[in-house]
Amino acid sequence: MEEIVIKSSMHDYTIIMGEGIRSQLSKFLSKDYSSILIVTDENVGELFLEDVLAGLDSEHIFHTSINAGEQSKDIATFYKLQTVALECGLDRNSLIVALGGGVVGDLAGFVAATFMRGVDYIQMPTTILAHDSSVGGKVAINHEYGKNLIGSFYPPTAVIYDVETLSTLPTKEVRSGYAELVKEALITDQVTLANVLNADLNNLIPSKLSIDLKAGILKKAAIVQQDEKEAGVRKYLNLGHTLGHALESYHGYGKLTHGEAVAIGTLFSLHISEDLFNTNLPYKEIYDWMKVNDYPLHIKLLSDTEALIKKMKADKKTVDNNIQMVLLETTGKPVNRIVSDEALQNYLHSFSKRLVEV
């Protein structure tokens, strides 16, 4: 079992990684709670809810399930969970446990941040992708105009990451999670990137996954401790997300996984960076790795460039109606740059052509 402490202005919290720890929740609680509400989704609940319940000895334990998928990260489900919390009699000394992937974590975390002006919550991620969303205290729901536009910075009291739960993930979810690991490697250094690109996602060895996960978590932890509220370097974690979020929103949440959309967005950022900074970046190496691992790199996803730019303008990183993107001067050296609408139109067209030609 490994522990990583995250410093936060509200309170420090610990990321605990290990095997079989999902059934030991009581030992990780920092205080006695009046009641506990476990929020999960229909798929994860079937697999792991009983294990988590077995590790709790309090009398006032409640649980509820949402529909699996990004579509549940909406205002209706948020309101429903607030109602469930009230009906279960939760108070300001209660705990909410988010058992699931990024959707459950973001949604349940935002419920915790707003219920009675804020109660404690614990993240129990069950996907690779959630290594990213469960660390750093960003909680949110989506709006039809864009992803994560309604949210807050609200750190958990702990992140309990049982890596055994990852063995049940379908390959599509493994792909999704590794897109964020590639992103974190790109803003770290060439060695870390090379290590991640050694992963064969169709035959992933658990020990390899644990190494890559830890590297990603350590990078994110280092960044969020420097910049908790995303005023500076934390913005670099948005590499690939400007186009990625636009693709998710335009095509409908759930059509592409978050990571699949970010994968395309990451290649797009590299494409712009190579032109803007007149440099060679590992575009082809990453493209080839994504192709071998069956990422959906389809140019038809990019056909409506005007609509995509409109979606990109709705992104929370936009400044004065100007699209701000994370780009790379070189591997390990990210920068923020404003990219004009006209330039984006040209880059989207040339990027589509490059996807076909590579």
Side-chain angles (χ1 to χ4, degrees), residues 3 5-6 8-16 21-42 44-68 72-126 130 133-141 148 150-162 165 228:
E3 297 186 4
V5 177
I6 307 293
S8 166
S9 61
M10 288 183 66
H11 57 256
D12 296 352
Y13 59 97
T14 303
I15 304 167
I16 302 145
I21 58 176
R22 63 187 179 278
S23 57
Q24 302 170 34
L25 184 53
S26 284
K27 69 186 274 188
F28 302 120
L29 300 184
S30 58
K31 62 183 182 183
D32 291 329
Y33 290 99
S34 57
S35 56
I36 298 173
L37 173 62
I38 302 169
V39 179
T40 188
D41 70 35
E42 55 197 354
V44 174
E46 232 177 81
L47 293 167
F48 305 120
L49 179 58
E50 289 302 321
D51 294 343
V52 176
L53 290 171
L56 292 167
D57 50 20
S58 172
E59 292 181 15
H60 304 289
I61 308 294
F62 307 95
H63 56 85
T64 189
S65 179
I66 64 170
N67 294 329
S72 288
K73 222 171 87 172
D74 62 2
I75 193 71
T77 310
F78 168 79
Y79 188 85
K80 177 186 172 185
L81 288 177
Q82 294 280 357
T83 302
V84 169
L86 289 167
E87 290 176 345
C88 291
L90 268 65
D91 57 32
R92 299 189 77 176
N93 193 41
S94 295
L95 173 73
I96 291 176
V97 176
L99 173 66
V103 169
V104 170
D106 281 0
L107 176 62
F110 190 46
V111 170
T114 50
F115 182 76
M116 296 190 176
R117 297 201 173 107
V119 297
D120 287 357
Y121 77 108
I122 285 176
Q123 293 275 18
M124 294 189 73
T126 59
S133 57
S134 64
V135 177
K138 285 167 105 175
V139 294
I141 56 175
N148 296 332
I150 305 168
S152 180
F153 291 94
Y154 193 72
T157 57
V159 178
I160 300 169
Y161 207 152
D162 188 340
T165 63
E228 186 177 7

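What you see is a predicted model; the values in this text were computed from it and never measured. Every heavy atom of this structure was used, including side-chain atoms; hydrogens, water molecules and symmetry mates were not. Residue indices begin at 1 and follow the sequence shown.
Shown here are the side chain to side chain contact (heavy atoms under 4.5 Å, CB included) partners of T126, two or more places apart in sequence or in another chain: V44, F48, L99, T165. For K138, the side-chain hydrogen bond (donor to acceptor under 3.5 Å, both in side chains) partners at least two apart in sequence or on another chain are E230. Shown here are the salt bridge (charged side-chain N to carboxylate O under 4.0 Å, His left out) partners of D51, two or more places apart in sequence or in another chain: R22. For S94, the side chain to side chain contact (heavy atoms under 4.5 Å, CB included) partners are S34, S35, L90, D91, not counting sequence neighbours. A108 is linked by a side chain to side chain contact (heavy atoms under 4.5 Å, CB included) to V39, I96, A98, counting only residues two or more places apart in sequence or in another chain.
Within the 4.5 Å cutoff, side-chain heavy atoms of I160 are placed close to those of I21. Within the 4.5 Å cutoff, no side-chain heavy atoms of T157 are placed close to those of K31. Between V111 and Q82 the shortest side-chain heavy-atom distance falls below 4.5 Å. In this structure, the side chains of F153 and V139 stay at 4.5 Å or more apart for every pair of heavy atoms. At least one side-chain heavy atom of I66 sits under 4.5 Å from a side-chain heavy atom of V104. You'll find the side chain of V84 reaches within 4.5 Å of the side chain of L37, heavy atoms only. No side-chain heavy atom of V103 sits under 4.5 Å from any side-chain heavy atom of D41.
Rounding to the nearest 0.5 angstrom, the gap separating the CD1 atom in I16 from the NZ atom in K27 is 9.0 Å. For the atom pair CD (E42) and CG (L49), the distance works out to 13.5 Å, reported to the nearest 0.5 Å. Atoms NE2 and OG1, on H63 and T40 in that order, are 10.0 Å from each other to the nearest 0.5 Å. The structure places CG of D32 at 11.5 Å from CG of L95, a figure rounded to the nearest 0.5 Å. Note that the CD1 atom of I141 and the CD1 atom of I75 stand 3.5 Å from one another [nearest 0.5 Å].
Applying the ring pair (Phe, Tyr, Trp, His ring centres under 6.0 Å) test to residues at least two apart or on different chains, the pairs with a partner in residues 83-118 are F78-F110.
Listed here is the closest heavy atom pair of G109 and Y121: CA-CE1, 3.7 Å. Between M116 and R92, the shortest heavy-atom contact is O-NE, 3.2 Å. Scanning both residues, P156 and G137, for their nearest heavy atoms gives CD-CA, 4.3 Å. For Y13 against P155, the heavy-atom pair with the smallest separation is CE2-CB, 3.6 Å.
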- Task: In sequence, state the C-alpha distance, the side-chain angles, and the governing distance for F62 and E87, and then conclude on side chain to side chain contact (heavy atoms under 4.5 Å, CB included).
- Result: CA-CA 10 Å; F62 307 95; E87 290 176 345; over 6 Å; no
- Message: Could you go through M124 and V52, starting from their C-alpha distance and side-chain angles, then the distance that decides it, and tell me whether this counts as side chain to side chain contact (heavy atoms under 4.5 Å, CB included)?
- Response: CA-CA 10 Å; M124 294 189 73; V52 176; 4.0 Å; yes
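For the side chain to side chain contact (heavy atoms under 4.5 Å, CB included) test with I6, the passing option among V159, I15, D12 is I15; the others fail. Only one option out of L56, T64, L25 pairs with I38 in a side chain to side chain contact (heavy atoms under 4.5 Å, CB included); it is L56. The side chain to side chain contact (heavy atoms under 4.5 Å, CB included) with L29 is formed by just one residue from the set D120, V97, I36; it is I36.
Panel note: side chain E228, backbone S8; no donor-acceptor pair is recorded below 3.5 Å. The backbone N or O of E3 lies less than 3.5 Å from no partner atom in the side chain of T14, so there is not a single donor-acceptor pair. In terms of modelled atom types and a separation under 3.5 Å, the side chain of Y161 and the main chain of S134 share no donor-acceptor contact.
Other residues, nucleotides and ligands place no more than 12 heavy atoms under 6.0 Å from the CD atom of E46.
At a cut-off of 3.5 Å, with distance as the only test, no side-chain donor of E50 or S23 sits close to an acceptor on the other residue.
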